[in-house]
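As structure tokens, the structure follows; a few thoughts come after it.
Each chain gets a letter, A, B and so on, in the order the sequences are listed, and its residues count up from 1. Hydrogens, waters and symmetry mates are skipped; everything else that's a heavy atom, side chains included, is used.
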Amino acid sequence: MEDEPKVGDLDEVGSLARYLPEYLPKDTVIITDYEEAFEAVRHVKMRVEPIHESQVSIAGDTLFSLHGSDHVFRRRIMNRMVRPDSLERYRNEITMPALLRRLRQLQDSPDSDGIHRTDLVKLSKRTFVEFATTLVGINSPTEEEGAELEELVNGLHLGLHARFLVGEPYKNRWSHIALGNESLGALSERYLDPAFARCPVNPEASGGPNLISILAAGEDPAWKHREIALREAAVFIIAAIDSTTNLLTYSVDEVHRWLNKHPEDALLTEDREFVGRVVQETLRLHPATPHLARQAAEDIQLETTGRAIRNGQWIAVVMPVVNRDRKVFGPTAAEFNPHREVPPTRPRYGLTFGAGQHQCIGLRVVLGNDGIGSHAHVLKTLLAAGVRPDPEGTPEMEPSTKRSFFTSYPVIFTNLQAVTR
Amino acid sequence: MTRHRVARLSEIGRSELKRVEVNGIAICLVRLEEGDVYAIDDTCTHEFFSLSEGELYNGAVQCPMHGSLFDARTGSVTGLPAVEPVSTYSVVVEDDEIFVDIQRSGVDPVG
């Protein structure tokens with residue numbers, strides 16, 4: 001991949017339109033300063049982004065869209081899924097074995113020139129499908145079911161993120177939303193409803209809590225409405241497959257370029273702390289969402305800048321810009337550097353997981369207990385297997401959306417035997 | 001010595017948390033599965049939510065909001081996203097009464 005344009009401040013961005021969706025009201029307050037964004041997003045009088053028309057049928061009434069005490073109540077219950085023993089189980093019993101199984105298959109099927117090639121996007125999605133199904137509580141999928149799930153998640157993804165479409169695709173967003181709804185229906189019928197039907201009464205049964213057993217227990221009365229419980233599960237599946245795949249692909253892309261410039265760091269790829277920093281630096285530079293939107297619930301004046309925000313007014317935090325704020329991340333903030341020093345009170349991953357009440361529940365999956373979570377383990381294994389961009393391949397990105405993600409990333413492996421022995 | 005009676009032991013079951021206040025300090029009383037009682041600051045160092053609204057897991061208090069984990073005995077962080085520990089307070093249980101010493105931090109449970 002060519003280096004992306006440097007985005008450190010407005011001079012370098014050129015146009016914020018690249019990151020801001022078309023549906024934002026014209027008087028939206030655009031925030032590009034990290035500290036101001038941090039205060040605004042955490043402000044108790046800032047409500048989470050009002051749900052967009054494209055999201056209602058997939059994310060309505062889920063953790064994603066709740067406010068205040070309803071949100072706290074539900075989050076407390078759902079946090080059981082990201083406790084240390086659950087994270088360890090997902091990683092050691094599901095994700096890593098799934099990855100190693102696929103790498104062994106790849107080792108057994110080199111191309112005619114003897115090179116082991118695959119598409120990292122596909123490899124990652126197939127691996128994390130198994131993680132997602134365990135997290136949610138669907139039976140471990142067969143190869144065919146895994147492919148079907150991946151297809152359904154692609155449809156859900158298009159529907160949920162239709163608000164990020166640009167130009168003509170945005171005008172035609174309803175076709176994406178319809179596909180998302182169809183995908184949700186099929187996912188429910190084929191996988192979620194059967195999982196609800198067989199889930200144990202005790203959410204702690206079957207080796208640890210999964211989402212469907214928690215939903216079925218109905219500790220939050222809203223989950224007794226099956227359509228809400230189904231949407232809750234669908235949103236988790238999307239995040240567990242798509243966000244993780246994009247993070248992993250960008251991590252490989254960034255660390256490869258870093259190692260080309262810094263060959264002296266090659267041995268550090270065996271160091272879990274270094275790999276953990278690669279993941280966090282990648283998170284900072286490539287947030288899953290281009291902006292965070294909030295709406296003021298009353299007149300607010302921000303302390304960091306003195307900026308006044310009217311009751312009902314929206315703010316949009318431009319994620320790629322605030323995460324490259326030189327005042328926080330230093331003069332080279334726009335560049336990838338896993339050795340970067342950051343202020344001790346500011347996370348290496350910037351605002352990528354958000355902040356305040358709605359900070360992403362996936363944070364603990366990605367970062368684990370100590371900053372080195374499942375993604376770092378997967379990345380470390382890929383690096384040990386000699387993953388690198390295929391010199392004969394061309395990565396592809398989705399052009400029709402303001403979200404930045406790879407649809408294809410061809411790679412080769414030069415040392416598979418190191419991890420498949 | 002600034003020992004304060006904060007609750008009855010019978011008011012807090014095993015594996016339960018209870019919020020109490022001493023001189024304006026919000027404290028989370030933790031009664032472990034084994035019965036020992038500990039006291040830590042009730043405010044999560046990450047985003048300032050009330051830890052006593054969370055849940056106890058393997059001797060750690062899990063914040064209800066973002067899932068940070070704090071060792072009930074030492075206050076140390078055992079799970080992100082919090083990175084700073086919470087303060088701990090000495091606890092004495094006499095008969096059915098729980099006393100917390102807000103001047104003394106440390107591990108001194110009686111159950």
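Rounding to the nearest 0.5 Å places CD1 of A:Ile77 at 8.0 Å from CD of B:Glu55.
Listed here is the closest heavy atom pair of A:Val72 and B:Met65: CG2-SD, 3.7 Å. Between A:Gln359 and B:Pro81, the closest heavy-atom pair is OE1-CG, 3.9 Å.
In the displayed structure, A:Glu273 atom CD is contacted under 6.0 Å by at most 12 heavy atoms of other residues, nucleotides or ligands. Sparse packing is recorded around CD of A:Glu303, with 12 or fewer heavy atoms of other residues, nucleotides or ligands lying under 6.0 Å away. Counted within 6.0 Å of CZ on B:Arg5, heavy atoms from surrounding residues, nucleotides or ligands total more than 12; the atom is thus considered enclosed.
Panel note: side chain A:Arg364, backbone B:Leu80; a donor-acceptor pair is recorded below 3.5 Å. Looking at B:Tyr57, its side chain never comes within 3.5 Å of a backbone N or O of A:Arg80 through a donor-acceptor pair.
A heavy-atom distance below 4.5 Å is found between the side chains of B:Leu69 and A:Pro84.
Salt-bridge formation is detected for the pair B:Glu47/A:Arg42: a Lys NZ or Arg NE/NH1/NH2 atom is positioned less than 4.0 Å from an Asp or Glu carboxylate oxygen.
Looking at A:Leu367, the atoms closer than 4.5 Å to chain B (heavy atoms on both sides) sit in the backbone and in the side chain alike.
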Inset, instruction - Any chance you could lay out the side chain to side chain contact (heavy atoms under 4.5 Å, CB included) test for A:Leu363 and B:His66, step after step, and finish with the verdict? - result: CA-CA 9 Å; A:Leu363 182 152; B:His66 302 113; over 6 Å; no
